*Asks:* 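Structure below; questions to follow.
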There are 2 protein chains.
Amino acid sequence: MPKSSVSKLVPKVPSVPGASRRAAYSASTKRALVDVAEELFTEHGYANASLDSIVAGAQVTKGALYHHFAGKQALFEAVFERVEDDASRTIQKAIKGHKDPWDKARTGLRTFLTVVQEPRYRRIVVQDGPAVLGHERFREQEERSTYANVVDIVRSVLVAGAWELDEDMVETFSRIFFGAMASAGESVAGADDPIVAADRVEVAISFIISGFQALTEAGVALPSGLGQRREPAQD
Amino acid sequence: MPKSSVSKLVPKVPSVPGASRRAAYSASTKRALVDVAEELFTEHGYANASLDSIVAGAQVTKGALYHHFAGKQALFEAVFERVEDDASRTIQKAIKGHKDPWDKARTGLRTFLTVVQEPRYRRIVVQDGPAVLGHERFREQEERSTYANVVDIVRSVLVAGAWELDEDMVETFSRIFFGAMASAGESVAGADDPIVAADRVEVAISFIISGFQALTEAGVALPSGLGQRREPAQD
DNA sequence: TTCAAGTACGTACTCGCAGTATGCGAGTGC
DNA sequence: GCACTCGCATACTGCGAGTACGTACTTGAA
């Protein structure tokens, strides 16, 4: 029994000028798939969200799914990308306009702590992301979105501190802060009172940054010429 | 003395006095299962390591597996626990004897950066752990092992800094440093030259800690009375 | 208008794998 | 010695990802 009549659920009409009618419909079902997938992946997790339930939710069949995506993982990746992009954009919006680096850092942190509380971000990016995509692709995706913001902020702060750093060191500091924020975000999201917890995190990180500033004033330099130090791994 | 004629694949003889022969054999197969599972989970990941391949590797059948474990996840949990415990013990051993807190922190960090390079730790704890166990159980497990070490170290450092902190703040700082270390560890493990990368991480974190020390000398206090600060964050 | 080609799906299957039901022999307590 | 239950083996079930193939509707050319 063909579904034939398109009476009920009408997809969005071709909003992209120049695109054909068919292409518009196609894009519409693809979006529907990603929408439903995001919802079910968030609610049940990657492993417990069956493709059958996803295509059912999107009112299509597996044929449609496999026409648009190479498989379950590819579908997840599409969802992942969207969630990450949204998060990244939210942060960028928030920090735009702040020119003082410390101020920018604080705002970025605060925004991140908000974003990380969204269920979809926690589940899809933080929890399932690494396992499903694997280290490799997970990192690749991150680099182009949220992590890039962190690098940007860290660079501003370090430059403001009048430290001369090679890029490797910026990388290292960024990784450290990114991890710190992610972990802190987790504890915030899981706290009884997220607002209080977020405040605590902010205080703690501000304190750490204060340490940076103190070192600036004291004229302490970062050791340069990394890569020379040798230590026989285990002592 | 047990009969020595049991030819090949002899399981460990009852090394636990008081335990019956049967119990010893049972414990042996259980260990074999966890051993093989650890290996295959590490190599192929949780999702791609089939129970059939695990029981085959352990030279038993699914009957044995389901006799000892409730299911695949339970088996993973046993593996996870062991890997975490090993890591925790390694770190504890390393920092034992160091009484200077800063020194202890540095040693702990260095050891952790070594541990996190073990494939089994990266795959089982870092990559698959959160997805398989879920936030809840993952955190529970962590709290009793590696994370506990971090809390210990952070507490020493903060006490040494002559700061008076409530436990919540110790928690917060610990989370932050734990996340920082985990993330840093990831970048170390993925670097072209892990030794150089580890050095960079050490320098960066040492620098941060130096900031703490600078603040100590400057007599800067941490803002206390957390939880009062409010920010109209909707709701 | 017709028609050939291709696109965007739908239908019906396969196969691998986690989990289950059940049987059975070898220790173990009495 | 005897019942019993423990530790495991065998055989099966069901679910879910992926595949092969059919088909209606578009689209562009003649």
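Chain identifiers are assigned alphabetically (A, B, ...) following the order of the sequence lines, protein sequences preceding nucleic acid strands; residue numbering begins at 1 within each chain. Every value quoted in this text rests on a predicted model; they were computed, and no experiment measured them.
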*Asks:* Just to verify, which of B:Glu140, B:Gln141, B:His135, B:Glu142 counts as forming a side-chain contact (heavy atoms from CB on, under 4.5 Å) with B:Phe138?
*Replies:*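 Testing B:Phe138 for a side-chain contact (heavy atoms from CB on, under 4.5 Å) against B:Glu140, B:Gln141, B:His135, B:Glu142 leaves exactly one candidate, B:Glu142.
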*Asks:* Measuring to OP1 and OP2 of C:dG10, would you say a side-chain N or O of A:His67 lies under 4.0 angstrom away?
*Replies:*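 A:His67 to C:dG10 OP1/OP2: no side-chain N or O under 4.0 Å.
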*Asks:* Are A:Arg123 and A:Tyr46 in a cation-pi setup, meaning NZ or CZ lies under 6.0 angstrom from the ring centre and within 45 degrees of the ring axis?
*Replies:*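 A:Arg123 over A:Tyr46 ring: no.
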*Asks:* Whole angstroms only, please: what is the CZ-P distance between A:Phe69 and C:dC9?
*Replies:*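 After rounding, the reported distance stands at 11 Å.
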*Asks:* Which nucleotides of nucleotides 13-24 of chain C have their base under 4.0 Å from a protein heavy atom (B), which only their sugar-phosphate (S), and which neither (-), written as one string 5' to 3'?
*Replies:* ----SBBB----
*Asks:* State whether the number of non-hydrogen atoms from other residues, nucleotides or ligands found under 6.0 Å of A:Arg106 atom CZ is greater than 12.
*Replies:*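 No, CZ of A:Arg106 has 12 or fewer neighbouring heavy atoms, counting only those of other groups under 6.0 Å.
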*Asks:* From the options B:Glu143, B:Glu77, B:Glu84, select the one residue that forms a salt bridge (Lys or Arg N to Asp or Glu O under 4.0 Å) with B:Arg137.
*Replies:*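 Among B:Glu143, B:Glu77, B:Glu84, the one meeting salt bridge (Lys or Arg N to Asp or Glu O under 4.0 Å) with B:Arg137 is B:Glu77.
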*Asks:* Please state whether the phosphate of C:dC9, meaning OP1 or OP2, lies under 4.0 angstrom from any side-chain nitrogen or oxygen of A:His68.
*Replies:*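 Yes, within the criterion.
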*Asks:* Donor-acceptor pair, distance only, cut-off 3.5 Å: does the side chain of B:Glu39 make one with the backbone of B:Asp35?
*Replies:*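 No.
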